[in-house]
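Below is one structure, written out as structure tokens, with a few remarks after it.
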Amino acid sequence: MGGCTNICSSLSKYQFNSRSHMSTDMAADQRKEPGVVIKDGWAGYSLELFNCPEHYRGDLECVYIPHGVIMNRIECLARDILEDIGHHDLMVLCVLKGGYKFCSDLVESVKAQSCSANRRLTTRVEFIRFKSYLNDQSTEDMHIIGPDDLSMLKGKNVLIVEAIVDTGKTMRALLQHVETFQPKMVKVAGLLVKRVPHGAVELPDYVGFVIPNRFVVGYALDYNEYFRDLNHICVISETGKQKYKV
Ligand code: HPA
Ligand code: MG
């Protein structure tokens, strides 16, 4: 992503610490870049420049991260994951619903890269769900809905896959929950990390993009269940917010 000078900046001015206690290997420690950092002033691309579903015309302000850029970034995350886990078997824990596209594309890319390197790697995906958002606001009551028994994680390399990390509450709760099943190793992949006030102090191990504090939709991220079927990550318009408000 060296060429995206218009939307990216260096990370040094952001306050995140890396989860270094989880990343003991050299490859992870040597990766200084925390992901593609999108500046606060990034206005996105005009909708006219991209192919967007007709049914959302007027409900979106701009294309914030085009689908092709997301896919390319995911290939890089998959490469980093393989570098760290060394082609060992992987238990993936997908955080629904927002994480389903990211998880699916990430796992496909891990498999494809492992296969083309002539390595054996099995992946298994389990699903877990949190519910905590109403309209574009986070609510206090957050609970895990998913398999009660995650004993299959014991002794395994576990990758938690989340579409978006803002306060880090979900990530922390899940890490605590997963640790009780005694995995061999736990890593977290977050497609988006949002710069919010009192945001996550610890970054996921694999970060796609660090974005400003704006409500985004698409690529399985929703606003009251709408926009998951949009391939690009976009910013919702005021009209869109009003139209799909509950
Ligand atoms: N979009 C959709 N879901 C979310 C967001 C967002 O920006 N932040 C937290 N959950
Ligand atoms: Mg949601």
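Counting starts at 1 for both ligands and their atoms, in listed order. Position 1 is the first residue of the sequence; numbering continues from there.
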For ligand 1, find out whether one of its N or O atoms is nearer than 3.5 Å to an N or O atom of Val217.
no

Summary of side-chain hydrogen bond (donor to acceptor under 3.5 Å, both in side chains) pairs that have at least one residue in residues 92-105, sequence neighbours excluded:
Lys97-Glu225, Asp105-Tyr219

[X] heavy atoms, cut-off 4.0 Å: which ligand 1 atoms fall inside?
X: Arg214; value: 7 (O)
X: Asp166; value: 8 (N), 9 (C)
X: Asp222; value: 2 (C), 3 (N)
X: Ile164; value: 5 (C), 6 (C), 7 (O), 8 (N), 9 (C), 10 (N)
X: Lys194; value: 5 (C), 6 (C), 7 (O), 8 (N)

Pair Tyr56, Asp229: side-chain N/O donor-acceptor within cut-off below 3.5 Å:
yes

For Thr122 and Asp89, does a side-chain donor sit closer than 3.5 Å to a side-chain acceptor?
yes

Backbone N or O of Leu230 within a donor-acceptor pair of the His67 side chain at under 3.5 Å?
no

Lys111: partners by side chain to side chain donor-acceptor pair (under 3.5 Å), with sequence neighbours left out
Glu108

Which atom, among the N/O/S set of Asp222, is closest to the Mg ion (ligand 2)?
OD1

Side-chain touch Ile128/Cys94, heavy atoms, less than 4.5 angstrom
no

